[in-house]
Amino acid sequence: MSRGVLFRKEIREILRTSRIYVIPGLFLFFGLLSPITAKMMPQLLRSLSAPGGVQITLPPPVARDAFTQLFKNLAQTGVIAVILTVMGALAEEKNRGTAVLVVSKPVSRTAMVWTKLASNSLLIIFATALAYVAALYYTMILFPGTPVRESLFGTLALLVYLLFVGAMTIAASAVARSQVAAGGLALAGYFVISLLPIFGRFFAKWTPGALVGLQTDLLTGKASMLKDAVPTMAVAVALGLVLVALGSAAFERQEL
Amino acid sequence: MDFFRENMALLLPIVILELVLIAVALRDLVPRPAEQVTGGNKLVWGLVIVFVTTLGPLAYLAFGRRQEG
């Protein structure tokens, strides 16, 4: 079985199972909803506050707020969704016993792990692109002066962040014996990378968690794509690949 | 309702997405035997799919289904 066949098996599995709906569906939903939420926020708050009660006044929303909403939604709920749908990638096949069927063919376990990474990354890229295009379209309708370039840069930082989380979850799935254990491991990793930027300048610049702050900084123009974002993104990609390599090495030694 | 009519062009795609997800989830749930559904209760999942906006169908597709065997 060549790599091409293995990759097609993965893509077929994504299409046949829920994942083709869950991740792109959720991302598209946020893509459509975020600009509307940003636009309606003042009205929503007004309709919620009782007459004569506390008045909450917000500055009028601008195009940028739509993407701030989108990044916030996808960096939280999107990340959890990625972990929950990817965690079974290898752990579930081990559990069900289908992993034995695959590796009994002339397929190395390493190839199996990297194919899982490739197919799931493709799904994340597709979903993020879908969310961005939807958000961009709605923002252009709702607001004047859409920051196309800045929002694209911010979305790229978001994409790399999501891909890192996906890679981390694949690694967890390769190491863990069950789906739940893989999910727990990946969630623990997610908390660690979310907390790391608190511990000093170095971590705030170089760990994948820094990509969350970079999304909004790129959007507002506070950070530069080439000088600030690209190095951090490169480190995140490298770190993700190292995690998958480690997970794959552990998977090689496991008994199925 | 005025709010909806005024913003129809914007809200319609979301409504369509919602309906498509409900249709996909129900099409999977209805012919499925109860043993292949998490928790074993198809009615509860049906209600979740129809009444929990967007996240209901997605939750069913992600966690509601079990492999046979």
Side-chain angles (χ1 to χ4, degrees), chain A residues 13-40 43-44 46-47 66 73 77-78 80-88 92-98 101 123 127 130-131 133-135 137-143 179-180 183, chain B:
Chain A
E13 209 164 276
I14 287 177
L15 291 176
R16 208 167 38 79
T17 59
S18 53
R19 275 179 294 163
I20 190 66
Y21 299 108
V22 176
I23 294 286
L26 189 73
F27 278 43
L28 180 59
F29 175 69
F30 281 134
L32 296 171
L33 198 68
S34 300
I36 296 184
T37 321
K39 181 79 180 178
M40 304 295 169
Q43 278 124 296
L44 283 174
R46 209 177 310 133
S47 68
N73 286 332
T77 319
I80 305 288
V82 166
I83 291 178
L84 290 177
T85 47
V86 175
M87 67 186 188
E92 184 60 16
E93 287 214 29
K94 280 186 257 179
N95 220 334
R96 252 193 286 152
T98 45
L101 299 178
L123 183 71
L130 209 59
V133 170
Y137 176 66
Y138 264 41
T139 308
M140 282 173 160
I141 297 178
L142 287 169
F143 298 98
Q179 214 183 135
V180 176
Chain B
M1 220 41 218
D2 278 350
F3 177 82
F4 187 80
R5 209 170 300 131
E6 277 164 33
N7 299 291
M8 179 92 132
L10 291 171
L11 294 174
L12 207 58
I14 297 185
V15 174
I16 292 171
L17 175 69
E18 172 75 23
L19 292 178
V20 167
L21 284 174
I22 290 178
V24 167
L26 285 182
R27 216 188 60 162
D28 184 278
L29 176 71
V30 170
R32 185 174 282 265
E35 309 86 68
Q36 286 175 33
V37 168
T38 312
N41 194 330
K42 284 172 68 175
L43 181 67
V44 171
W45 276 114
L47 294 174
V48 167
I49 289 169
V50 176
F51 290 110
V52 182
T53 316
T54 315
L55 297 179
L58 291 177
Y60 169 71
L61 291 170
F63 310 113
R65 307 182 301 170
R66 286 186 171 187
Q67 303 282 338
E68 50 258 72

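Quick caveat, the model's predicted, so the values are computed rather than measured. Hydrogens, waters and symmetry mates play no part in the numbers below; they use all other heavy atoms, side chains included.
- If you take CG on A:Leu33 and CG on B:Leu17, they are separated by 10.5 Å, rounding to the nearest 0.5 Å.
- Using a 4.5 Å cut-off between heavy atoms, A:Phe29 contacts chain B through both its backbone and its side chain.
- Checked against side chain to side chain donor-acceptor pair (under 3.5 Å), B:Asp28 has the following partners two or more places apart in sequence or in another chain: B:Arg32, B:Tyr60, B:Arg65.
- Residues from residues 47-58 of chain B that place a non-hydrogen atom less than 4.5 Å from a non-hydrogen atom of chain A comprise B:Thr54, B:Leu55, B:Leu58, given in numerical order.
- Your options are A:Ile36, A:Leu32, A:Ile141, and the one with the most heavy-atom pairs under 4.5 Å with chain B is A:Leu32.
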Item to complete: Apply side chain to side chain contact (heavy atoms under 4.5 Å, CB included) to the pair B:Phe63 and A:Leu84, showing each step before the final yes or no.
Response: CA-CA 9 Å; B:Phe63 310 113; A:Leu84 290 177; 3.5 Å; yes
